[in-house]
Amino acid sequence: MNLHENSPIRVHDLVKVYRGKSRNPVKALDGLNMEVARGEIFGLLGRNGAGKTTLLRVLSTLIEPTSGTAEVCGRNVVKEPYRVRQSICAVLQENAVEVFLSVLDNLSTYGRFHSIPRRQIRERAESVMAQFGLEEYRHQKVIDLSGGLKRRVQVAKVFMVDKPVVFLDEATTGMDPVNKRATLDAIREHARQGRTILLTTHILQEAEELCDRIAIVDQGRCLVTGDLAMIKSMATRAYDINVTFERMRPEILETASRYPLLKLRSTSTTLEMSVRGSEVSTFALLDALSHVEPIVHFEVTSASLEDVFLELLGTSGKEGRAGEKS
Amino acid sequence: MKMILAVMYREYRIRTTSLTWLFYDMFMPLTYLLIFGIGFESAFAGGVAVAGDRMGYNAFFLAGVLSMASFGIAINTAYGFFVDRDNGIFYEFLTYPMTRSEFLVGKILFNSLLALVQAAITITLGAVLLGLALRWDLIGLVAFGQVLGTAGWFFFLTTFAIRIRRNDMFNTFLNVAYFVLMFGSSMFYPVESLPRWLQAVSFVNPLTWHTDVLRYATIGAGAAEVVALEGVAFLCFLAVSFALAVQTIRNPLRA
Ligand SMILES: Nc1ncnc2c1ncn2[C@@H]1O[C@H](COP(=O)(O)OP(=O)(O)OP(=O)(O)O)[C@@H](O)[C@H]1O
Ligand SMILES: [Mg+2]
């Protein structure tokens with residue numbers, strides 16, 4: 001098997017400097033490395049201006065990198081841009097719809113551009129219109145649709161075609177919860193069929209729910225890359241454990257304080273603790289506590305992606321090159 | 001080829017699903033010829049002179065209407081580029097499985113076809129309604145001139161449509177280009193009758209070259225050697241514009 005069949009997206013030391021005429025040069029990508037495996041849903045997270053869109057622009061051959069290499073399905077984006085385009089479809093961050101065409105025409109012209117046989121175009125258009133709730137608007141010109149509906153048309157288009165690699169730049173922005181759900185379902189379904197999906201989002205819950213692996217990007221580099229569990233384990237506060245007893249006794253606190261806890265607080269009946277998973281076994285802790293006093297109720301919540309995100313990027317502000325710390 | 005057809009299909013759908021555009025594209029030049037031309041025909045009852053030959057204003061103006069038509073199509077298309085970029089669809093196109101040249105060629109083929117249909121309608125109805133005596137033996141040259149003319153202006157204006165980012169600047173540019181190029185050319189009046197400085201402007205104006213070739217091809221007006229030279233000059237303009245357009249579209253984000 002060729003390497004690219006395992007990793008349809010490979011990026012090595014990628015640098016992109018924007019050199020606008022009147023502006024100072026901006027280093028949007030600064031030696032970024034990553035690989036995305038076949039059939040994987042890979043999420044790019046990061047603050048505004050981190051370089052996520054720039055990476056997708058390079059991968060979808062809209063702009064050329066300043067240095068470094070990027071390959072899609074084994075094809076170099078600079079040397080064989082046409083080949084790369086044959087294996088991708090993209091929802092860009094900018095809105096991209098044919099405002100002067102109807103919803104149906106938007107879908108069918110897209111199908112033609114991606115060489116879908118004419119017989120199948122109508123069929124596929126019907127099915128994505130049903131999936132994205134666009135049937136009642138089929139003959140309406142897109143210029144007359146609301147912002148969220150326009151976005152739906154744009155996103156629906158990529159599900160007309162079966163390209164091995166899909167780029168989604170904040171695809172669900174502006175969608176209502178029902179359609180957001182439909183979009184997430186469609187993304188999952190396509191990944192299951194073996195398509196590789198690289199997406200960006202600011203909705204961390206969405207990334208958590210959808211992505212097999214995640215990279216947190218900052219100032220043009222990947223700060224961390226890994227699966228959800230691995231990234232979550234980077235949070236200082238890995239688990240919150242709340243244990244309720246019939247009554248609080250000093251021995252309970254005493255037992256708990258024998259463990260290296262990040263946080264320990266007690267109310268009249270409840271003990272609130274935070275632990276790092278690698279340092280404390282939750283089961284051992286609960287077991288020890290239950291020997292002191294019967295446990296009425298307990299709750300264990302793991303850190304959310306948001307906790308990690310805020311911890312890595314939240315306070316660093318402008319001075320933050322958190323990557324250099326880790 | 002499939003991609004070129006897909007680009008053409010897209011242009012076709014946009015044109016045919018809007019009656020306004022269809023009217024504008026098909027009949028606007030004819031309307032111009034019938035209203036403006038007839039108005040001037042009666043105002044200049046003595047006709048106009050080109051290279052020593054006198055002719056009626058309608059016959060003279062026919063070539064102007066044709067070159068205006070292909071210039072107008074190119075302006076509309078360049079404007080379309082601008083609108084497409086505003087809607088983001090322009091960037092999405094560039095991620096479709098086609099080369100940049102296929103994209104440009106598809107657009108230009110469609111617009112040249114449009115210019116040909118438009119010219120056919122204008123010439124036929126012009127000849128029938130106004131009784132113009134045309135050089136039918138040179139009709140192939142008219143067709144050729146329409147296609148190359150549309151292409152030249154399309155590539156020229158595309159470069160600006162992609163490079164100019166701001167709406168107000170682009171609108172100003174189009175208006176100025178429209179005004180200066182059209183009135184500083186042989187479109188509406190013979191260059192010989194203009195003051196010296198305006199003659200100089202119109203001799204370096206590709207719209208004059210294009211119009212003069214069409215005038216020769218429609219009614220045989222002008223000196224053949226001069227017209228041939230103008231044709232060659234226009235081809236050079238076309239080649240340079242094409243090269244610039246391709247170079248511009250290679251880096252569409254100007255990044
Ligand atoms: N066309 C451009 N010309 C010049 N600079 C640009 C251009 N596009 C982006 N930049 C700059 O490059 C950097 C990265 O931008 P990019 O759009 O990739 O960020 P992003 O991670 O997608 O942000 P967001 O979450 O806001 O979409 C920013 O500093 C941005 O200002
Ligand atoms: Mg972005």
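Chain identifiers are assigned alphabetically (A, B, ...) following the order of the sequence lines, protein sequences preceding nucleic acid strands; residue numbering begins at 1 within each chain.
- B:Thr17 contributes atom OG1, which lies 5.5 Å from atom CG of A:Leu101 (distance to the nearest 0.5 angstrom).
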- [ ] For side-chain contact (heavy atoms from CB on, under 4.5 Å), just list the numbers for B:Arg100 and A:Tyr82, CA-CA rounded to whole Å, side-chain angles, deciding distance to a tenth of an Å, and then say yes or no.
- [x] CA-CA 9 Å; B:Arg100 305 292 193 247; A:Tyr82 174 65; over 6 Å; no
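- B:Thr95 is listed as a side-chain neighbour of A:Leu62, based on a closest heavy-atom distance under 4.5 Å.
- There is no contact between A:Lys150 and chain B, counting heavy-atom distances below 4.5 Å.
- Within residues 1-13 of chain B, the residues having any heavy atom closer than 4.5 Å to a heavy atom of chain A are B:Lys2, B:Met3, B:Ala6, B:Val7, B:Tyr9, B:Arg10, B:Arg13, listed by residue number.
- By the 30° and 60° cut-offs, the orientation of the rings of B:Tyr96 relative to A:His114 is perpendicular.
- For B:Phe173, the CZ atom counts as densely surrounded, since its 6.0 Å shell holds more than 12 non-hydrogen atoms of other residues, nucleotides or ligands.
- Closest approach of B:Val83 to A:Phe100, counting heavy atoms only: CG1-CE1, 3.9 Å.
- You'll find the side chain of A:Val97 stays beyond 4.5 Å of the side chain of B:Ile89, heavy atoms only.
- The minimum heavy-atom distance linking B:Glu92 with A:Ala96 is given by the pair OE1-CB, 3.3 Å.
- Nearest heavy-atom pair, A:Thr61 versus B:Leu94, reported as atom, atom and distance to 0.1 Å: OG1-O, 3.9 Å.
- Options A:Ser115, A:Pro81, A:Ser102 differ in how many heavy-atom pairs under 4.5 Å they form with chain B, and the most are formed by A:Ser115.
- Within the 4.5 angstrom heavy-atom criterion, only side-chain atoms of A:Arg57, from C-beta onward, approach chain B.
- By number of non-hydrogen pairs under 4.5 angstrom with chain B, the leading residue of A:Arg85, A:Glu64, A:Glu94 is A:Arg85.
- Around the CZ atom of B:Arg165, the shell of radius 6.0 Å holds more than 12 heavy atoms that belong to other residues, nucleotides or ligands.
- Proximity to chain A is absent for every atom of B:Phe90, based on heavy atoms less than 4.5 angstrom apart.
- Here A:Glu98 contributes atom CD and B:Phe93 contributes atom CZ; the two are 4.5 Å apart, rounded to the nearest 0.5 Å.
- For the set A:Lys163, A:Gln154, A:Lys141, the entry with the most heavy-atom pairs within less than 4.5 Å of chain B is A:Lys141.
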